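A short worksheet on the structure shown next.
Computed from a predicted structure; not experimentally measured.
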Amino acid sequence: MSSIGTGYDLSVTTFSPDGRVFQIEYAAKAVDNSGTVVGIKCKDGIVLGVEKLISSKMMLPGSNRRIHAVHRHSGMAVAGLAADGRQIVARAKSEAANYERVYGEPIPVKELADRVAGYVHLSTLYWWLRPFGCGIILGGYDRDGPQLYMIEPSGISYRYFGAAVGKGRQAAKTEIEKLKLSEVTCREGVIEIAKIIYAVHDEAKDKAFELEMSWVCDESNRQHQKVPDDLLEQAKTAAKAALEEMDAD
Amino acid sequence: MDLHLNAPYCMGTIVGVTYDDGVVLGADSRMTIGMLVANDSVSDKITQLTDKVYICRSGPAAVLEFVSDYVRNILDQQTIQFGQPATVKATANLVRLFSYKNTNAIQMGQMGMIVGGWDKYEGGQIFAVAQGGTILKLPYAIDGSGSSGIEGFLDRAWKEGMSKDKAEKLVVKAVSLAIASDAASGGAVRTVTINSDGVRKNCYPPDSLPLCDDKRRRTKTKKTTTTRTERRIDAPKP
């Protein structure tokens, strides 16, 4: 895509004549070029899944995690520039800890999302900072139930039933819309997300990938954890089988 | 005799109990400066922090009024930010952070507070914030100079799952007993009852309290009766 913002895209503190801030849109492009990240809110919790593209065979499986725990009850999956993502996660952890110290109870997920969004937005206001090149999917389970938020590089944060960012987001969103999320449990959700990620992975353009998944649900005692290994294997098997079925058509 | 008139205004007795549907908070209304009774009728020691969370204050009046205003200010902002009133636990935590951070300040004196209220997640709760900043979640709590005399009474009399009227009567009786045995407690008994329906405040004037009338405060011993106020502690029994 050629740059249409000539002249008005040099600084994040410059608006274009048609009211856009191009630097923020370019930051969003960094997110669009990364591996797909998907999150859904099932009836008893949240499931997050990441298509972690492996750039080298020498990388140890399980390293370079893209899903981070923010607090006991919540976790974040990061799409885009991984280093920027680490910074945001560190800030989120600090906000959560601070809230608990002052108010004596775990930070409500809505409050956490607001604070993270505020922090991301902050870096779009000053010329000496560049925007974060990350899209964050934040999932948590607090007293008001499970909640899923997506935070974009512009600092916008919305609450979703299902969200996807990254390369395969269009296809992933279509697949998520087909699911009846209010009836799906997290166990089933894990398998569905695995299928979606395997389906949107582009074999031709990208090399290998590792599937990283986490959940926070009633079954995990409302704690954010990696999906148990046996369930993950089950999900991968089901996903590969579904893919072969699709290919056979 | 040294009346300790440089001491700060001080507070008498505070009580908080949970019942099946919420909480009842109670306090006397006497204000003392050292050995002098400054006022017996005006003070309201139960202050509002949020819609359904109140704090009972016992200790230096000026300091505690400041604490209440400070915490209420923070909670107002948090309510707007979060879109719903703060929980009882969060409120109590803010109070105890203040208490803890300022333990070593000279003018603090003996400060004991009871934070009680109702929120939609956990229902009625009582938190005692003791001297130094300890926070304790309890089914019932008492504090203030008059509280030591009613420790045993409340332990016996509080039952789980009381009705609202029983709980309120219990609180009034407890504070009246404290008033009877403590010089720094007196005046009226104020109660605040908080539950899912809302907040109800009551004031029981001194002459309506169970133990207020001296004539009725008699020891029931054999035929002759003496009023407790008249008999000296070393006088021979009749």
Side-chain angles (χ1 to χ4, degrees), chain A residues 41 44-46 70-74 91-122 125 138-151 155-161 216-218 221-224, chain B residues 49-55 67-68 70-103 113-130 132-138 141 196:
Chain A
K41 171 175 132 70
D44 62 337
I46 306 278
V70 171
H71 199 57
R72 278 180 295 272
H73 63 25
S74 52
R91 177 73 182 214
K93 287 179 179 169
S94 151
E95 294 280 2
N98 186 51
Y99 184 97
E100 183 148 10
R101 189 173 51 82
V102 173
Y103 295 106
E105 47 187 26
I107 186 168
V109 186
K110 176 175 185 293
E111 182 70 22
L112 179 62
D114 276 348
R115 292 190 182 194
V116 173
Y119 181 64
V120 170
H121 177 240
L122 199 71
L125 293 172
L138 164 69
Y141 199 149
D142 65 15
R143 273 192 304 227
D144 294 316
Q147 294 157 66
L148 184 71
Y149 289 86
M150 181 160 84
I151 299 149
I156 291 178
S157 134
Y158 287 128
R159 193 169 156 187
Y160 290 90
F161 293 109
V216 50
C217 57
D218 291 337
N221 230 339
R222 303 193 182 185
Q223 311 271 349
H224 177 259
Chain B
L49 294 180
T50 80
D51 285 350
K52 287 200 179 159
V53 182
Y54 279 66
I55 182 174
V67 176
S68 314
Y70 177 72
V71 171
R72 195 182 313 123
N73 183 279
I74 296 181
L75 289 171
D76 281 346
Q77 292 171 23
Q78 208 226 2
T79 306
I80 295 173
Q81 166 77 10
F82 194 44
Q84 59 185 39
T87 60
V88 187
K89 182 159 192 215
T91 313
N93 204 57
L94 285 167
V95 173
R96 74 116 178 159
L97 276 180
F98 184 92
S99 189
Y100 177 72
K101 289 195 175 176
N102 295 294
T103 338
M113 293 158 279
I114 297 178
V115 179
W118 185 95
D119 63 46
K120 69 181 187 199
Y121 299 111
E122 303 275 337
Q125 300 148 77
I126 293 275
F127 288 88
V129 179
T134 316
I135 183 172
L136 298 160
K137 179 164 191 241
L138 298 165
S196 52

What is the distance from atom CD1 of I107(A) to atom CZ of F82(B), rounded to the nearest 0.5 Å?
-> 9.0 Å
Is the number of heavy atoms from other residues, nucleotides or ligands under 6.0 Å of Y121(B) OH greater than 12?
-> yes
Under 6.0 Å from the CZ atom of R72(B), do we count more than 12 heavy atoms belonging to anything else shown?
-> yes
All heavy atoms of E105(A) vs all of A90(B), minimum pair found to be OE2-CB, 3.8 Å
For the residue pair N93(B) and Y103(A), what are the closest heavy atoms and their distance?
-> ND2-C, 3.4 Å
Value rounded to 0.5 Å, distance of CD in Q78(B) from CD in E111(A) = 7.0 Å
List the steps, then state whether side chain to side chain contact (heavy atoms under 4.5 Å, CB included) holds for L94(B) with V102(A).
-> CA-CA 6 Å; L94(B) 285 167; V102(A) 173; 3.5 Å; yes
Going from CZ on R101(A) to CG on L97(B), what distance comes out if it is rounded to the nearest 0.5 angstrom?
-> 7.0 Å
